[in-house]
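Note sheet for the following structure.
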Amino acid sequence: MIRNPSIGDSRSHDRFCLIAEKFASDPKRIGVAIANVDRWLAAGHGAKKRLLQWREMLVAVQTSDNGMAALRDLLRDDSEEARFLKGFAPFPGVLRKEELELIPWTSRH
């Protein structure tokens, strides 16, 4: 699943693919992401529209048969639109430290 070692966007993409695998194997971790969204919204985060998009998608995982597939597809999507939305991803705390170390990453910004 993990691509050849590289920098920037491809490592970011690899990390989102790992998050997709994590959610598939442990769907309860969706609650971590929902809690992040709720906390950020309550704190007045400036990207309210994007966070609400994430919340809707994450709740769909818990309430519909197609929700996990849609989330998995988005996390694996490497299009410019998907990368933009993933720039607001509420996933701190979803992966363990050991999992994060599998794909060292720094921001392209």
Side-chain angles (χ1 to χ4, degrees):
M1 171 67 68
I2 297 172
R3 300 182 202 186
N4 293 331
S6 61
I7 59 172
D9 290 341
S10 65
R11 282 194 182 174
S12 177
H13 177 74
D14 292 342
R15 190 167 276 190
F16 281 107
C17 288
L18 185 59
I19 291 169
E21 291 175 21
K22 181 68 170 192
F23 284 145
S25 67
D26 188 4
K28 292 179 185 176
R29 301 301 293 171
I30 295 292
V32 172
I34 292 172
N36 287 337
V37 170
D38 290 345
R39 186 175 59 256
W40 295 347
L41 289 171
H45 194 289
K48 183 177 180 178
K49 178 180 175 183
R50 302 293 177 232
L51 292 175
L52 290 173
Q53 284 179 273
W54 277 115
R55 190 172 203 300
E56 182 178 332
M57 183 171 285
L58 294 165
V59 168
V61 170
Q62 298 176 322
T63 60
S64 79
D65 293 335
N66 298 324
M68 182 64 79
L71 178 61
R72 183 185 60 239
D73 290 347
L74 173 65
L75 293 175
R76 292 180 177 161
D77 186 350
D78 199 27
S79 69
E80 188 64 32
E81 182 179 337
R83 279 183 277 176
F84 178 76
L85 182 58
K86 289 187 275 188
F88 302 92
F91 301 133
V94 169
L95 298 175
R96 295 184 329 266
K97 181 181 177 186
E98 300 81 22
E99 294 167 321
L100 290 169
E101 290 172 351
L102 292 173
I103 307 170
W105 178 81
T106 58
S107 174
R108 64 183 164 148
H109 303 290

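Fair warning: this is a prediction, and the values are worked out from it, not measured in the lab.
- Within the 4.5 Å cutoff, the side chain of H13 has heavy atoms near those of the K86 side chain.
- One finds the CG atom of L102 at 6.5 Å from the CG atom of L18 (value rounded to the nearest 0.5 Å).
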Step by step, work out the side-chain contact (heavy atoms from CB on, under 4.5 Å) result for F23 and L75. CA-CA 10 Å; F23 284 145; L75 293 175; 4.0 Å; yes
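- Nearest approach of P90 to L58, heavy atoms of both residues: CG-CD1, 4.0 Å.
- For D38, the side chain to side chain donor-acceptor pair (under 3.5 Å) criterion is met by R55, not counting sequence neighbours.
- Between F91 and W54, the distance separating the two ring centers is shorter than 6.0 angstrom.
- Of all the heavy atoms in V94 and K22, the pair that sits closest is O-CE, 3.6 Å.
- Residues A82 and L74 approach most closely at CB-CD1, 3.9 Å, considering heavy atoms.
- A60 is linked by a side-chain contact (heavy atoms from CB on, under 4.5 Å) to S64, counting only residues two or more places apart in sequence or in another chain.
- In plain terms, the two heavy atoms of C17 and R76 that are nearest each other are SG-CG, 3.9 Å.
- Residues M57 and A70 share a closest heavy-atom pair of SD-O, 4.4 Å.
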Derivation of the side-chain contact (heavy atoms from CB on, under 4.5 Å) call for L41 and L52: CA-CA 9 Å; L41 289 171; L52 290 173; 3.7 Å; yes
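- Between V32 and N36, the closest side-chain pair of non-hydrogen atoms falls below 4.5 Å.
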